[in-house]
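Written out below as structure tokens is the structure these notes cover.
Excluded from the calculations below are hydrogen atoms, water molecules and symmetry mates; all remaining heavy atoms, backbone and side chain alike, are included. Note that ligands are numbered from 1 as they come in the structure, with each ligand's atoms numbered from 1 the same way. For the single chain, residues carry numbers from 1 onward in sequence order.
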Amino acid sequence: MRKPFIAGNWKMNTNCQSATDLASGLAAELSEVTTVDVAVCPPFVYLQSVAKALSSSNISMGAQDMYFEGNGAFTGEISTEMLKDVCCTYVLAGHSERRHVIGETDELINKKVKTAISGGLLPILCVGELLEQREANKTDEVVTEQLKKGLAGIDAEKVLAVTIAYEPVWAIGTGKTATSDQAQEVHAMIRKLLAEMYDEKIASQLRIQYGGSAKPENTAELMARADVDGLLVGGAGLKVDSFSAMIKTIA
Ligand code: PEP
């Protein structure tokens, strides 16, 4: 049985005060929730303040990105050790904004996933197709390539540290959620691929989140589908009310 996992990606939003207010609000609102794994991914500069606000809660923290080198002359980058030092458990890898705005490649993302695992962080590997790729019936091809390249060289034992997030790019931040049929179809395809890449047992253990305009109104329908194990949430994760409503719906 896969425990539902919902993560809030705060992106380049909040300030010191609003980040800590959001974290404290969620900690208070979700103190009774034990049946759902919950994480928030604040901007780097607020990780320490958020960690303090979450210190006696059951909410984990993740970073939105990291670099694959241990330390040294990499101006502007953040290492696994640094993230662990400020109490991160998770790290996003290959979010669509990093792929399509910043220009990250599958090869770079794969290095980050490997480094995260070896450094003791739990990566959330994001995959998903652009609108034109879906319209050209290339969704499976695109997602398969991103998954195979993103998980290249990661063996069966290590892959259990990974969560996959299927995020159709056309649904992210657009208010246009994938239907639960569209989400289930791709999630099932991903699980089948994971069974081919690893084995059935591992595929059945790995969690696959859906991301793309998930909100309180569509949480129950998305989460009711067999292969949807959780949500990666942007906009609706920025308010205590909406994010906690989604988690309570799942719990
Ligand atoms: C995201 O940031 O990964 C995301 C899915 O954003 P939104 O929920 O706003 O579409």
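At under 3.5 Å, not a single nitrogen or oxygen of Gly212, backbone or side chain, sits near a nitrogen or oxygen of ligand 1. Backbone and side-chain nitrogen or oxygen atoms of His95 are examined, and one is located within less than 3.5 angstrom of a nitrogen or oxygen of ligand 1. The shortest N or O to N or O distance between Leu232 and ligand 1 is not below 3.5 Å.
A distance-only check finds a donor-acceptor pair linking the side chain of Gln64 to the backbone of Cys41 [under 3.5 Å]. Under a 3.5 Å cut-off, the side chain of Asp229 and the backbone N or O of Phe5 do not form any donor-acceptor pair. No donor-acceptor distance shorter than 3.5 angstrom exists from the side chain of Tyr90 to the backbone of Leu92, with no hydrogens or angles considered. Between the side chain of Arg99 and the backbone N or O of Cys126, at least one donor-acceptor pair lies under 3.5 Å.
The aromatic rings of Tyr166 and His187 sit perpendicular, their planes meeting at an angle over 60°, well past the 30° parallel limit.
Atoms of ligand 1 lying under 4.0 Å from at least one heavy atom of Ser213, given by number and element, are 7 (P), 8 (O), 10 (O). The Ala171 neighbourhood of ligand 1 comprises atoms 10 (O), with distances under 4.0 Å to a heavy atom of that residue. Taking every non-hydrogen atom of Gly173 and a distance limit under 4.0 Å, the qualifying atoms of ligand 1 come out as 7 (P), 9 (O), 10 (O).
Side-chain contact, Asp21 with Ser18: no donor N or O sits under 3.5 Å from an acceptor N or O.
Met61 and Leu122 fall into different hydrophobic clusters, where Ile, Leu, Val, Met, Phe, Trp and Tyr side chains are chained together by heavy-atom contacts under 4.5 Å.
In terms of protein heavy-atom proximity, atom 8 (O) of ligand 1 is closest to Gly234 N, 2.8 Å. The closest protein non-hydrogen atom to atom 9 (O) of ligand 1 is Gly235 N, 2.8 Å.
Of all the heavy atoms of Ala236, none lies under 4.0 Å from any atom of ligand 1, so neither backbone nor side chain is involved. When heavy-atom distances to ligand 1 are checked against a 4.0 Å cut-off, Ile172 comes that close through both its backbone and its side chain.
Contact analysis leaves Gly237 out of contact with ligand 1, as no non-hydrogen atom separation drops below 4.0 angstrom.
Salt bridge Lys192/Asp140: absent, no basic N to carboxylate O contact under 4.0 Å.
Of the listed residues (Glu97, Lys11, Glu167), the one carrying the non-hydrogen atom nearest atom 2 (O) of ligand 1 is Lys11.
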